[in-house]
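The basis for the numbers below is simple: all heavy atoms, side chains too, and nothing from hydrogens, waters or symmetry mates. Throughout, a chain's letter reflects where its sequence line sits, starting with A, and its residues are numbered from 1.
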Amino acid sequence: MIDLRLLREDPDRVRASQRVRGEDVDIVDALLSADERRRSSGSRFDELRNEQKSLGKLVPKAQGEEKVALLQRTKDLAAAVKAADAEQNEAKEEADRLLRSLANLIDPAAPVGGEEDFVTLEEIGTPRDFAAEGFEPRDHVELGQILGAIDTERGAKVAGARSYYLTGVGALLELALVNMAMAQATAAGFTAMITPALVRPAAMDGTGFLGQAAENVYYLPEEERYLVGTSEVPLAAYHMDEILDAGQLPLRYAGFSSCFRREAGTYGKDTRGIIRVHQFEKVEMFVFTSPEEAEAEHRRLLQWEKDFLNALELPYRVIDVASGDLGSSAARKFDIEAWIPTQGKYREVTSTSNTTEYQSRRLSIRMREEGKVRPLATLNGTLVAVPRTIVAILENHQQADGSVVVPEALRPFLGGRSVIEPVAK
RNA sequence: GGAGAGUUGGCCGAGUGGUAAGGCAGCGGCUUGCUAAGCCGUGGUCGGGGUCACACCCGCGCGCGUUCGAUCCGCGCACUCUCCGCCA
């Protein structure tokens, strides 16, 4: 959530942010009046409660008629206090509900517009010219079959649409990618983490995923638990309700977990293969740092993502995502899209967001610096989302005979293997 | 799944239906002097709300109830621990 003080002082800035996101602007005024009501009802309660407490202290000392009169007064007061408390709570709840429904303030540097209005920051590497090489590239589904690496048919049989098995070398490929990602992250100073995939509502809501993204979240009503769509959730909530010492920042975590997504509203999109699936594994970077450092840290996260894709020798581009396409928590977001030869376009493989103080306020995570306590910034970035990275590797590094060359940096994690050969039929 | 115990300030730990002992640590001072120790004082020294700043209000895990008044009594919930059962 955003700073209520900022909202009072500069509501136009908040309105402008909501507008470029394409979200409700009226909520700003509703919140301002709810906040006003909360403050006035709060001080009314304070006064009554103060009187009640001072009178209450007199009760045990009072005697006879004096005591009877006093008890009558305090009894009346008790009813007034109760009413004032109820009003205060109602106003608080309303203000809090509205505040939590407000998206993060957009970074003024982010491009304005919808999904198509991103700005391409750079293109790295050159897509291969398969025509010049004299063969038609196979898509990852076909390659997955030839190599015995991916089984989507049995995935559907057992688990339904958008499900898959990674088999043989495919399974090993996942483990290799995860290990390579963790090796890079720990070398950069991240703490490796294996996180819960099942979290309580406070964690899910605190991270901002129960707003516009709620329809993509799996919920287990009997347990009141959510399945996370990214380890960003358990990593952000790791320090929930804590005050971190400024001296220990930045705290950098690399979390590995399964990720679950309902993919509601994506019927017909990417139905083939493993581009869009209900369950996958991912290594996610997550950082707690000071608000002043957040922007520079965001660039560092982007660089670590690039380092990883560079090591995999994949052609990609970096885009600056437009205001209307940001998640509610993000002030700014950079996506990296890898080139997918058989689709003839770039597809998202990683994403890094600067969520500024939005999540830390919701999760009540603060930093203490020179005795002062204030919110801190959180950032997240994908190091490797396994299925899409496998798609990119298979398609970009395939050869005419259906084999796939293993990028050199990945070989040590794949038992030294340099080529993945088709399995004999 | 069953039974029981617990949750108090940065940490430990008492406690009572009427403004939360004590200790450690902290902070201020003093003494002796240095792999530090002792004495005195301070004291919710923390977090939230509120104010120009004070005042003031809220916080004894959370919520609801009883009461003029709840940390204390009742109900519900969360979490931790112990034992039993089951189990990768």
Side-chain angles (χ1 to χ4, degrees), chain A residues 1-10 31-100 194-206 219-227 233-234 237-249 257-258 288 357-376:
Chain A
M1 60 206 189
I2 66 163
D3 186 358
L4 204 47
R5 234 155 284 177
L6 185 143
L7 179 90
R8 286 177 205 150
E9 285 161 17
D10 193 0
L31 179 50
L32 281 172
S33 75
D35 178 48
E36 184 51 47
R37 194 160 75 89
R38 180 187 63 83
R39 280 191 292 168
S40 59
S41 64
S43 50
R44 191 156 45 247
F45 170 79
D46 278 8
E47 284 166 25
L48 288 168
R49 178 69 174 158
N50 190 17
E51 194 182 345
Q52 183 187 38
K53 283 180 79 166
S54 10
L55 286 185
K57 285 170 205 163
L58 302 177
V59 170
K61 293 170 196 138
Q63 294 292 329
E65 274 186 37
E66 195 189 341
K67 184 156 191 165
V68 174
L70 196 52
L71 279 178
Q72 186 53 52
R73 276 185 69 196
T74 49
K75 195 161 189 170
D76 295 342
L77 204 48
V81 165
K82 195 168 179 177
D85 192 29
E87 193 186 333
Q88 171 187 246
N89 284 335
E90 196 203 326
K92 247 184 203 157
E93 245 168 67
E94 172 75 355
D96 192 57
R97 188 184 61 78
L98 289 167
L99 181 59
R100 281 181 166 267
I194 292 180
T195 65
L198 215 47
V199 300
R200 309 174 67 188
M204 196 53 101
D205 183 53
Y219 179 57
L220 283 70
E222 287 180 357
E223 318 292 334
E224 288 186 70
R225 297 287 190 280
Y226 292 93
L227 280 167
V233 174
Y238 186 63
H239 290 297
M240 181 162 60
D241 296 322
E242 292 180 24
I243 299 176
L244 307 174
D245 195 73
Q248 62 187 141
L249 301 177
S257 81
S258 287
F288 298 86
E357 301 166 23
Y358 190 81
Q359 292 177 331
S360 73
R361 286 181 192 279
R362 296 173 75 97
L363 291 164
S364 182
I365 306 170
R366 290 155 293 171
M367 59 185 280
R368 193 195 317 274
E369 190 172 40
E370 289 162 11
K372 297 260 186 198
V373 174
R374 60 190 175 110
L376 47 70

Open item on the list: Taking any heavy-atom pair under 4.0 Å as a contact, classify R225(A): base, sugar-phosphate, or nothing.
Closed with: sugar-phosphate
Task: Backbone of V81(A) reached by a side-chain donor or acceptor of D85(A) within 3.5 Å - done: no
Task: Any R49(A) side-chain nitrogen or oxygen under 4.0 Å from OP1 or OP2 of C56(B) - done: no
TODO: Mind checking R8(A) for me? I need base, sugar-phosphate or nothing, with any heavy atom below 4.0 Å counting as a touch.
DONE: sugar-phosphate
Open item on the list: Measuring only the P atom in each nucleotide, how far is A36(B) from G48(B)? A whole number of Å is fine.
Closed with: 35 Å
Task: R37(A) and E94(A) ion-paired at < 4.0 Å - done: no
Task: Residues D46(A), R49(A): salt bridge by 4.0 Å N-O rule - done: no
TODO: Assign each of N50(A) and L4(A) to its nearest nucleotide of RNA chain B by heavy atoms, then name whichever residue's nucleotide is nearer the 5' end.
DONE: L4(A)
- [ ] Return the value, rounded to whole Å, for the distance between atom CG of D76(A) and atom P of G69(B).
- [x] 11 Å
TODO: Please determine if a side-chain N or O atom of R38(A) lies less than 4.0 Å away from the OP1 or OP2 oxygen of G50(B).
DONE: yes
TODO: Would you jot down, in residue-number order, the residues of residues 82-93 of chain A having a non-hydrogen atom under 4.0 Å from RNA chain B?
DONE: K82(A)
TODO: Check the distance between G50(B)'s C1' and R39(A)'s CZ and give it to me in whole angstrom.
DONE: 9 Å
Task: M1(A) backbone acceptor or donor facing R100(A) side chain under 3.5 Å - done: no
Open item on the list: Whether the side chain of S257(A) engages the backbone of T195(A) through a donor-acceptor N/O pair (distance < 3.5 Å, no angle test) should be reported.
Closed with: no
Open item on the list: Is it the case that atom CD1 in I194(A) sees more than 12 heavy atoms from other parts of the structure closer than 6.0 Å?
Closed with: no
Open item on the list: Does R368(A) reach a base, just sugar-phosphate, or nothing at all? Heavy atoms under 4.0 Å.
Closed with: sugar-phosphate
Open item on the list: In whole Å, I'd like the distance from the CD atom of Q52(A) to the P atom of G18(B).
Closed with: 16 Å
